[in-house]
Protein chains: 2
Amino acid sequence: MGTKQQITERIGSLLRDSKLSVTETRTKILELFMKSNGALEHSDFEKLAGKSFDRVTVYRTLQTFLDKGIIHKIPTTDTSVRYAVCKSECSEHHHHDHHIHFKCEECGNTICLDDTDIPQIHLPKGYAAHNVEVVVSGVCKTCK
Amino acid sequence: MGTKQQITERIGSLLRDSKLSVTETRTKILELFMKSNGALEHSDFEKLAGKSFDRVTVYRTLQTFLDKGIIHKIPTTDTSVRYAVCKSECSEHHHHDHHIHFKCEECGNTICLDDTDIPQIHLPKGYAAHNVEVVVSGVCKTCK
DNA sequence: ATTTAATTTGCAACATTGTTGCAAATTTAT
DNA sequence: ATAAATTTGCAACAATGTTGCAAATTAAAT
């Protein structure tokens, strides 16, 4: 993972690569993503960081990160929107974050399974598939 | 599909089978589900039915239908919650609504693909899968 | 068919979540 | 160091979801 210093530097590069100003809020939000080993939703930022930044700023920051391909959304069956950081190969125009997601029913954590194959889906005649989203729920490694 | 009379009768049976009172609101909401050939979200009911019933009643009715296994939720990457009617074999305790979902990027419609196989996912060691949700997006039959 | 009991509905009030405009503060470029 | 551009926080608002309770509707019992 590296020292705090190193992490901050890595986040700085990530932001500069995406042509974004390196601000305190953006750095802190990315730090929270890196610390948590799972997906985060909006309300988590308030819980994790208290009132250190404004709700509006969080919304705007997450939207910016989405636009730049730094994070991606994970489908849910409730009203919450969950986000996770993309792998380094992702960019604004080219996403390599095709992977399945796993939600643990015990700890509630959602993680990206990068090394698990995305299945081939054999659709009925006449349908064209552009994207396949898979969310598996069950019990994760650590909760077992 | 049958006459309006027949549909109303079928909905009545469905509700009675689930041990629910047959009310105007419930009947009308189920009618809307049957008419639409796709998933519906909360706001659709206000659009489709105007102010014929209260927002609160719609929320409560959808929750009741979920509890009884009459409808199920479909995962999305936004804050909306989409619902679709379950097949007849579903009940409060035993759900057979395991199927994948397809969202058309053209018409925005989400449908259940009942005859498409749910893929086997080979998870990393230590993970146990209880449920697999698949949402495919692309272009549907009619929009092609 | 009436009456009674149980359930459902609609209203009001509130809580949570997400959005927009704009001035102040911060960051980047000169 | 200064100017330009961007980002942030505040206020105000809009949309979405929840709860308690009285009135209305539905189901059950006579």
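Chain naming here is simple, since letters A, B, ... match the order of the sequence lines and numbering starts at 1 in each.
Each ring-ring contact (aromatic ring centres under 6.0 Å, His included) pair with one or both residues in residues 111-144 of chain B, not counting sequence neighbours, appears once here: Phe102(A)-Tyr127(B). Judged as a ring-ring contact (aromatic ring centres under 6.0 Å, His included), the pairs with a partner in residues 25-44 of chain A (not counting sequence neighbours) are, in order, Phe33(A)-Phe45(A), His42(A)-Tyr59(A).
Contact annotation: the side chain of Val134(B) approaches that of Pro119(B) to within less than 4.5 Å [non-hydrogen atoms, C-beta and beyond]. Proximity of Asn131(A) to Ser137(B): side-chain heavy atoms (C-beta onward) are separated by under 4.5 Å at one or more points.
Residues from residues 54-64 of chain B placing a heavy atom under 4.0 Å of any atom in DNA chain C, listed by number, are Asp54(B), Val56(B), Thr57(B), Arg60(B).
Read 5' to 3', the first and last nucleotides of DNA chain D with an atom closer than 4.0 Å to a heavy atom of chain A are dT6(D) to dG17(D).
Among the heavy atoms of the strands lying under 4.0 Å from Thr25(B) are primed sugar atoms or P, OP1, OP2 only; no base atom is included. Within 4.0 Å of Thr79(B), counting heavy atoms only, lie sugar-phosphate atoms of the nucleic acid but no base atom.
Using a cut-off of 4.0 Å between Lys/Arg side-chain N and Asp/Glu carboxylate O, Glu31(B) and Lys4(B) are scored as salt-bridged. Look at Arg16(A) and Glu9(A) and you find a salt bridge, because one of the NZ, NE, NH1 or NH2 atoms lies within 4.0 Å of a carboxylate O, short of that distance.
Take Ser80(B) and apply the side-chain hydrogen bond (donor to acceptor under 3.5 Å, both in side chains) test, not counting sequence neighbours, and it matches Asp78(B). Scored by the ring-ring contact (aromatic ring centres under 6.0 Å, His included) test, Phe53(B) finds no partners at all (sequence neighbours excluded). Residues passing the side chain to side chain contact (heavy atoms under 4.5 Å, CB included) test with Lys51(B): none are found, sequence neighbours excluded. Qualifying side-chain hydrogen bond (donor to acceptor under 3.5 Å, both in side chains) partners for Thr61(A), counting only residues two or more places apart in sequence or in other chains: none. In this view, Arg55(B) satisfies the side-chain hydrogen bond (donor to acceptor under 3.5 Å, both in side chains) rule with no residue, not counting sequence neighbours.
Cluster partners of Val139(A) are absent, since no Ile, Leu, Val, Met, Phe, Trp or Tyr has side-chain heavy atoms less than 4.5 Å from it.
In the helix from dA1(C)-dT30(D) to dT30(C)-dA1(D), the terminal helix axes, each the rotation mapping four pairs' C1' atoms onto the next four within five end pairs, subtend 40°, rounded to 10°.
Taking the six-membered ring for Trp and the full ring otherwise, the centers of His101(B) and His72(B) sit less than 6.0 Å from each other.
Atom NE2 in His42(A) sits roughly 6 Å away from atom P in dG18(C) (whole-Å rounding). Distance CG (Asp67(B)) to P (dT7(C)): 15 Å, rounded to an integer number of Å.
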Contact list (N/O, under 3.5 angstrom) for nucleotides 25-30 of chain C vs protein:
from	atom 1	to	atom 2	distance (Å)
dT28(C)	OP1	Val22(A)	N	2.7

